[in-house]
Protein chains: 2
Amino acid sequence: MVATLKQVAAHADVSVQTVSNALNAPHRLRPDTLQRVTRSIELLNYRPNRNARSLRTSAVELIGYCVPSWQGGQAHLVMDQFLHALCAAAESTGRHILLFTAPAGADGMSVYDDLHARRLVDGFVLSQTETHDPRHGWLKDKRIPFVSFGRVWKETTQPGPYVDVDGAAGCATATRHLYDAGRRRIGFLGWPRTSGLAEDRLAGWRDTCQELGLPTDGLAVHCAEDTFDEGARGAASLLDATEPVDAIVALSDILALGALRELTRRGLSAGSDVALTGFDDSPLASVVSPALTTLRQPIDLIAHELINILTGPAGDEPTERLLKPELIVRGSSAPG
Amino acid sequence: MVATLKQVAAHADVSVQTVSNALNAPHRLRPDTLQRVTRSIELLNYRPNRNARSLRTSAVELIGYCVPSWQGGQAHLVMDQFLHALCAAAESTGRHILLFTAPAGADGMSVYDDLHARRLVDGFVLSQTETHDPRHGWLKDKRIPFVSFGRVWKETTQPGPYVDVDGAAGCATATRHLYDAGRRRIGFLGWPRTSGLAEDRLAGWRDTCQELGLPTDGLAVHCAEDTFDEGARGAASLLDATEPVDAIVALSDILALGALRELTRRGLSAGSDVALTGFDDSPLASVVSPALTTLRQPIDLIAHELINILTGPAGDEPTERLLKPELIVRGSSAPG
DNA sequence: GGCACGGGTTGGAACGTTAAAAGCACCGGC
DNA sequence: GCCGGTGCTTTTAACGTTCCAACCCGTGCC
């Protein structure tokens with residue numbers, strides 16, 4: 001049915017090894033032999049058996065990725081984009097992504113260990129990194145290759161290589177953009193400060209405000225969860241203050257959309273009355289009206305960096321890449 | 001580093017084959033031998049090398065899944081749930097999911113062929129099935145195992161096994177639910193009828209209305225795309241009619257949320273003034289207020305059926321499973 | 001003419017596993 | 001005492017590939 005190296009060799013009247021060389025080290029063959037072998041390969045429609053190859057070379061060219069469980073309605077709105085990008089990046093190096101599920105935290109580590117020990121994957125891409133995430137240290141100890149999308153927060157050193165988006169820089173850009181649009185009282189919609197990510201983005205807004213001489217006292221609201229309702233509630237409290245805000249930087253698109261709903265409910269016009277920005281450029285950002293100004297994570301670049309770091313030369317020092325998100329300006333901050 | 005069968009065999013003082021049998025056919029061993037071997041396996045922390053096994057048995061226990069590209073802001077809001085479920089289902093049979101990308105339509109088929117020929121996967125799960133989808137026939141001709149999530153529309157026979165959600169039954173349930181809540185003029189928000197899925201769901205609404213003696217003329221709107229704006233526009237036209245609707249069955253959550261926005265904009269209360277249902281139970285459905293009544297696809301069941309069919313005995317006749325969605329009643333159709 | 005050299009090619013072994021067949025010890029029946 | 005099982009274990013031979021060492025042969029050098 002499917003041709004093997006041996007059959008191709010017989011057809012081209014050379015040894016098996018020569019056919020292998022034709023594919024893996026063509027420079028070793030005399031041009032005429034190479035051509036003869038290549039013709040046979042095409043004629044027989046030969047495709048190398050990946051299992052045999054992996055057995056010999058002990059590299060499976062597969063990268064494990066744990067598909068997050070959508071606990072508690074937490075929507076991963078850009079996960080499909082990320083997966084697509086990660087896949088494409090892996091394929092550009094001849095690799096593929098293997099999906100698996102695992103319990104959260106340290107409990108799931110035996111799954112990682114098992115996949116690696118059974119040689120189903122060469123290494124892992126981690127995402128959904130959490131504060132004090134135990135996975136990184138665990139994998140590092142076991143010397144299992146990995147790279148993380150997202151920093152490990154509140155640790156003195158990063159255990160292993162990572163790629164992340166500079167949330168502080170992003171929120172700084174958004175804040176400055178609002179300032180340039182004439183806003184002078186800019187509020188912040190965030191999450192509780194126990195989350196490293198939340199604190200990072202908060203800092204970007206706070207520092208920029210202070211730099212620009214804008215007030216920050218009482219202008220940061222910490223929403224309990226990432227839902228429309230919480231976003232609306234947070235926005236309401238910012239609008240009900242004795243001195244209401246004229247702009248809001250939200251830590252996520254969901255919160256921003258909640259705020260948008262609240263503005264609309266009050267008969268305020270997002271963009272002209274109150275300017276608004278989100279974070280992530282989720283698919284929803286462009287389908288609401290006015291469309292949401294938001295910070296787009298460079299997903300393709302992130303994915304390529306992740307794969308590069310994971311599959312590149314195994315240097316000792318951890319590789320760290322911090323990428324800047326791009327401000328996508330839409331109607332919610334720049335009407336007309 | 002990692003123990004092999006040979007090392008375990010030496011440790012337990014038996015032959016390699018006996019260790020293999022201890023794992024794959026324990027009934028062949030004498031109880032005491034089995035115990036001795038098992039102890040050695042655990043002591044050495046042995047894990048079978050999957051590549052070697054696959055080479056020998058020519059089954060890789062991997063299932064290919066083409067990760068959809070999110071063309072044109074089309075949000076796959078339940079894709080992460082589906083992937084998680086598919087993964088879990090595969091793992092419950094000792095298999096895993098391998099992700100890949102491929103151009104849409106017939107152009108991408110060489111990718112499928114290649115993955116199969118190189119023995120990276122045993123078979124495929126297709127999703128995002130389209131009207132006149134060429135993939136099914138192609139795979140069937142090549143005798144590459146696959147199962148489809150979603151029927152192939154507008155063909156006389158289904159090329160190969162599939163699992164799908166009965167959209168007609170779902171919309172019928174929703175319509176009947178609205179009728180039971182006292183609604184007598186129920187509109188439908190759909191997509192153009194070139195889509196088989198759209199026509200299926202439309203039929204469920206239409207037939208049920210006729211059965212209940214409700215009007216349907218001019219009460220179906222076909223939105224050009226799956227966006228909030230289109231949903232809002234469609235809802236507006238149903239509300240502006242000389243005889244406005246008192247309920248709306250929407251073909252998707254996105255359209256329903258657009259309609260919800262339009263209701264809110266007009267000062268109408270969703271649930272009491274106009275009742276509303278969506279389709280998919282996407283994460284957004286429960287975070288808006290009022291929360292959206294919607295039809296939940298039995299994702300876990302779908303995933304299990306897909307894997308069962310694909311990995312079950314290779315019968316000749318195509319296996320077909322049509323599953324009913326579950327109506328999740330929330331505030332948008334039943335206030336209070 | 002012998003020898004080192006190097007490009008091109010080959011045979012043999014190995015990667016770690018499982019299928020199939022062979023071996024071995026013990027037992028009951030005639 | 002031999003025969004045919006039966007129950008457990010080992011031997012042998014693959015699966016399809018790549019690594020390594022060897023080989024062959026023509027060339028240039030002393």
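Chain identifiers are assigned alphabetically (A, B, ...) following the order of the sequence lines, protein sequences preceding nucleic acid strands; residue numbering begins at 1 within each chain.
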### Task
For R36(A), enumerate each residue passing the side chain to side chain contact (heavy atoms under 4.5 Å, CB included) test, keeping only those at least two apart in sequence or located in another chain.
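Checked R36(A) against side chain to side chain contact (heavy atoms under 4.5 Å, CB included); matches are V14(A), T33(A).
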### Query
side chain to side chain contact (heavy atoms under 4.5 Å, CB included) with A117(B): which residues, sequence neighbours excluded?
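R47(A).
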### Task
Mind jotting down which residue pairs meet the side-chain hydrogen bond (donor to acceptor under 3.5 Å, both in side chains) criterion with at least one end in residues 51-60 of chain B? Sequence neighbours excluded, please.
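Every pair satisfying side-chain hydrogen bond (donor to acceptor under 3.5 Å, both in side chains) with a residue in residues 51-60 of chain B: there are none.
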### Task
List the protein contact pattern of nucleotides 8-18 of chain D with one symbol per nucleotide (5' to 3'): B for base contact, S for sugar-phosphate-only contact, - for none; contact means a heavy-atom distance under 4.0 Å.
SSBB-BBBBBB
### Contact boundaries on DNA chain C for chain B, cut-off under 4.0 Å to non-hydrogen atoms
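The contact span of chain B on DNA chain C goes from dG16(C) to dA20(C).
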### Query
Taking only residues at least two apart or on different chains, which pairs with a member in residues 17-35 of chain B satisfy salt bridge (Lys or Arg N to Asp or Glu O under 4.0 Å)?
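Non-adjacent pairs meeting salt bridge (Lys or Arg N to Asp or Glu O under 4.0 Å): R30(B)-D32(B).
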#### Entry: Residue pairs involving residues 92-104 of chain B (criterion salt bridge (Lys or Arg N to Asp or Glu O under 4.0 Å); sequence neighbours excluded)
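Qualifying pairs: E61(B)-R95(B).
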### Message
Going by the rule salt bridge (charged side-chain N to carboxylate O under 4.0 Å, His left out), which residues pair with K154(A) if we only count those two or more places apart in sequence or in a different chain?
### Response
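For K154(A), the residues satisfying salt bridge (charged side-chain N to carboxylate O under 4.0 Å, His left out) (neighbours in sequence not counted) are E199(A).
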### Query
In chain order, what residues pass the salt bridge (charged side-chain N to carboxylate O under 4.0 Å, His left out) check against R151(B), with sequence neighbours excluded?
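Scan of R151(B) (salt bridge (charged side-chain N to carboxylate O under 4.0 Å, His left out), adjacent residues dropped) gives D164(B), D200(B).
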### Message
Give me each pair satisfying ring pair (Phe, Tyr, Trp, His ring centres under 6.0 Å) with a member in residues 4-48 of chain A, each pair once, sequence neighbours excluded.
### Response
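For residues 4-48 of chain A: none.
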### Query
Which pairs count as ring pair (Phe, Tyr, Trp, His ring centres under 6.0 Å) when at least one residue sits in residues 126-149 of chain A, sequence neighbours excluded?
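Residue pairs with at least one partner in residues 126-149 of chain A: F82(A)-F149(A), H136(A)-F146(A).
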### Audit row: R296(B), D280(B), salt bridge (Lys or Arg N to Asp or Glu O under 4.0 Å) steps and yes/no
CA-CA 5 Å; R296(B) 176 186 296 163; D280(B) 261 2; over 6 Å; no
#### Entry: Inter-axis angle, terminal five-pair segments of the helix from dG1(C)-dC30(D) to dC30(C)-dG1(D) [nearest 10°]
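Helix axis angle between the two ends: 70°.
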